[in-house]
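Here the structure comes first, spelled out in structure tokens, and everything after it is commentary.
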Amino acid sequence: MNKIKSQGSIRFTDANIVYPNGTVGMKDLNLEIKPGEFVVIVGSSGAGKSTLLRAVNGLNRMTSGRIEVDGVAVPQKDGRELRVLRKRIGMIFQDFRLVKRLTVMSNVLIGRLAHVPGWRAMFNLWPAHDKEVAMQALERVGITEKAWVKASQLSGGQQQRVGIARALAQEPAIILADEPVASLDPVTTHQIMQDLVRINRELGITTLVNLHFLDLAKKYGQRIIGLRFGELVYDGSAASVTDDDFRNIYGRDFTEDDVLDEDVVG
Amino acid sequence: MAPTSPHPTRPPPKPARNWPLWGGTIAFLVAMTWWSAHGIGFSLAELFCNAAGGKRLLQESWPPDFGFLPRLIDPFMETIYIAIVGTVVGGILAIPVAILAARNLTLGPIIWFADRNFMNILRTLPDLFWAMLFATAVGFGPVAGALALSVFTIAVISKLWSESLESIDMGMPEAVRACGGTWLQMVQFGAIPQGLQHYVSYALYAFELNVRASMVLGLVGAGGIGMILETQRANFEYERVTMIILAVLVAVLIIEQISESIRKRLA
Ligand SMILES: Nc1ncnc2c1ncn2[C@@H]1O[C@H](COP(=O)(O)OP(=O)(O)O)[C@@H](O)[C@H]1O
Ligand SMILES: [Mg+2]
């Protein structure tokens, strides 16, 4: 059942990120993520969840320390090396980030940009193989019938599926999902979370998901990482995480704002 | 989420108008106008005294010489051609100039600074200057006119478009970067789709300006309708001059209506 991959390991060693205005985004982080893990990162707003995710693909630069992906340090400046790394790391965003006026297919093909010669992408002359990869990515999220529809005509859940398909089209070793369900309704939220879990099982892609809903973290996470003021304050399995652990991560009692299905509280 | 206060707060009282500032500004404007009018020898009294001469000129200019109309077609088309070539050449060259001048897309502070200054130089010098410059290089005529308008078009589009590019949502460009895209791909797939409508709109606007500018350039020898106007005026053919002015008025209005309706539809 599980196609075990040996790619997609991430290691943080004494990693620090201080933003130019002095805000600490990441503090002395030591963390190891194994190939194929499904990790949910929780923490209140501003805890450093996005900072952590964006450090993995070099969108955020470190002040000190080291992050390695499959044993190779994440380059800290723009250039070919960083692009080579990013080619293997898909990213999914809260706001989907699609080109609304283009078709679903064109959006998914953006995931192939780093895989084809520049002139081909520039003139929209995609090799058959890459179109096939994009179509298979759409198949995996079950929206092949929308391939030639404009992205602007899709519902939020469908747009996020296109976002996932674009990441899959990269044939990535790692997927980073930054609050992928924060702008979706509860039903769609569960569907998208199930998609992410299923893809992780089927393809063995290491998956890091930022969530701020506790019940979602517990329900879908395999491993849960808790952040507070940029520091790692919890690291354990989702099965054994307790309400006390969550209280500690959030530094306060949690309320119905922290869960998706309100009846879970109390 | 911060809890919202149960009592809506009253808006603060409207600040009182700053009367000394207003009074000072108006006095300054009046003084400036009086001083400037004096400087160029402009006076309302003289304007009335010259009215008689103006009346004679008007009589000589009426009725317009409609028989002259067919001979206007070729020069008019030449004016349009000059405007089209200027808009297309300038419109294409304006693309990189605008992108590199947008703070959020540029390739680095040095390139940004150089490009900004380049744009400022293009904009500071008037189109007549560029026409003279190109005339010395390729000789007076339509080509010099089209080149001058190309420069003018770069100036217009790059200024407007770089500013509108600076206000795009950087989410999509970042997404392109995140999947390993190059700078050029970030621009092509992340930024341009958001800026395309504005670009087309500014290009059409530049074309409208170019049609008018191309007539003015004709006056100094760049060909087209402006040149005919100048030769007829020099020959005191005032009824033909009236005809030309009427034709130009109608043509420009039509072109602007078409262009404006396209731009409206884009917005
Ligand atoms: N570009 C930035 N410049 C300055 N401060 C930032 C920047 N990005 C994030 N921060 C700050 O860093 C902290 C962590 O932010 P973030 O990683 O976005 O948190 P989270 O995703 O958990 O809400 C917050 O205090 C935030 O305000
Ligand atoms: Mg965040």
Side-chain angles (χ1 to χ4, degrees), chain A residues 44-45 53-54 56-60 78-102 106-124 151-152 163 166-172 175-176 178 255-258, chain B residues 1-6 92-93 95-96 98-100 102-112 161 164-165 167-203 262-267:
Chain A
S44 46
S45 169
L53 233 54
R54 296 161 54 87
V56 175
N57 62 3
L59 285 177
N60 282 346
D78 282 331
R80 214 184 62 83
E81 280 175 47
L82 188 54
R83 290 202 305 277
V84 167
L85 174 86
R86 285 172 173 173
K87 181 175 159 180
R88 306 170 46 233
I89 304 180
M91 193 162 199
I92 297 163
F93 304 86
Q94 171 180 348
D95 51 354
F96 320 135
R97 304 206 176 166
L98 307 178
V99 184
K100 294 266 167 52
R101 20 182 297 130
L102 292 184
S106 302
N107 273 285
V108 177
L109 280 169
I110 287 177
R112 299 301 298 169
L113 280 180
H115 294 252
V116 302
W119 63 270
R120 280 192 167 269
M122 171 169 272
F123 299 107
N124 216 17
S152 57
R166 179 179 64 199
L168 287 177
Q170 289 176 247
E171 302 181 299
I175 284 182
L176 309 168
D178 196 356
T255 66
E256 65 255 37
D257 283 344
D258 302 325
Chain B
M1 299 297 120
T4 46
S5 154
I92 291 169
L93 294 176
I95 294 173
I99 289 167
L100 292 173
R103 226 171 302 233
N104 50 343
L105 300 175
T106 189
L107 273 169
I110 296 169
I111 290 179
W112 177 81
W161 201 40
S164 90
L165 283 175
S167 65
I168 65 168
D169 171 21
M170 286 304 282
M172 192 58 215
E174 191 183 75
V176 175
R177 274 271 154 107
C179 64
T182 59
W183 176 82
L184 206 59
Q185 292 171 333
M186 183 266 286
V187 169
Q188 184 185 353
F189 296 93
I192 303 265
Q194 291 180 66
L196 197 61
Q197 285 188 357
H198 279 131
Y199 174 80
V200 175
S201 168
Y202 296 147
I262 298 175
R263 287 198 278 136
K264 282 244 176 65
R265 215 158 298 169
L266 284 173

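Atom set for the values below is all heavy atoms of this structure, side chains included, hydrogens, waters and symmetry mates excluded. Below, read A as the first sequence line, B as the second, and so on, with proteins coming before strands; counting in each chain starts at 1. As the structure is a prediction and not an experimental result, all values here were calculated from the model.
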[X] and [Y]: which non-hydrogen atoms are nearest, and at how many Å?
X        : Y        : result
A:Ala114 : B:Gly180 : CB-O, 3.6 Å
A:Arg97  : B:Gly171 : CD-O, 3.0 Å
B:Gln185 : A:Ala121 : NE2-CB, 4.0 Å
B:Met172 : A:Leu98  : SD-C, 3.7 Å

Region of [X] that comes under 4.5 Å of a non-hydrogen atom in chain B:
X        : value
A:Ile110 : both
A:Leu102 : neither
A:Arg54  : side chain

Any chance NE2 of A:His115 has more than 12 other-residue heavy atoms, nucleotides or ligands included, within less than 6.0 Å?
yes
If you tally heavy-atom pairs under 4.5 Å between each of B:Val176, B:Leu184, B:Thr182, B:Asp169 and chain A, the highest tally belongs to B:Thr182
For A:Asp78, all residues meeting side chain to side chain donor-acceptor pair (under 3.5 Å), sequence neighbours excluded: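 Side chain to side chain donor-acceptor pair (under 3.5 Å) list for A:Asp78, sorted by chain: A:Arg61.
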request  = Calculate, to the nearest 0.5 Å, the distance between atoms CZ and CZ belonging to A:Arg86 and B:Arg177 respectively.
outcome  =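 Between atom CZ of A:Arg86 and atom CZ of B:Arg177 there are 7.0 Å.
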How about residues 187-196 of chain B versus chain A: which residues have heavy atoms under 4.5 Å apart?
->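 Listed by number, the contacting residues are B:Gln188, B:Phe189, B:Pro193, B:Leu196.
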Counting heavy-atom pairs under 4.5 Å with chain B, the top scorer among A:Arg101, A:Arg166, A:Lys87, A:Lys100 is A:Arg101
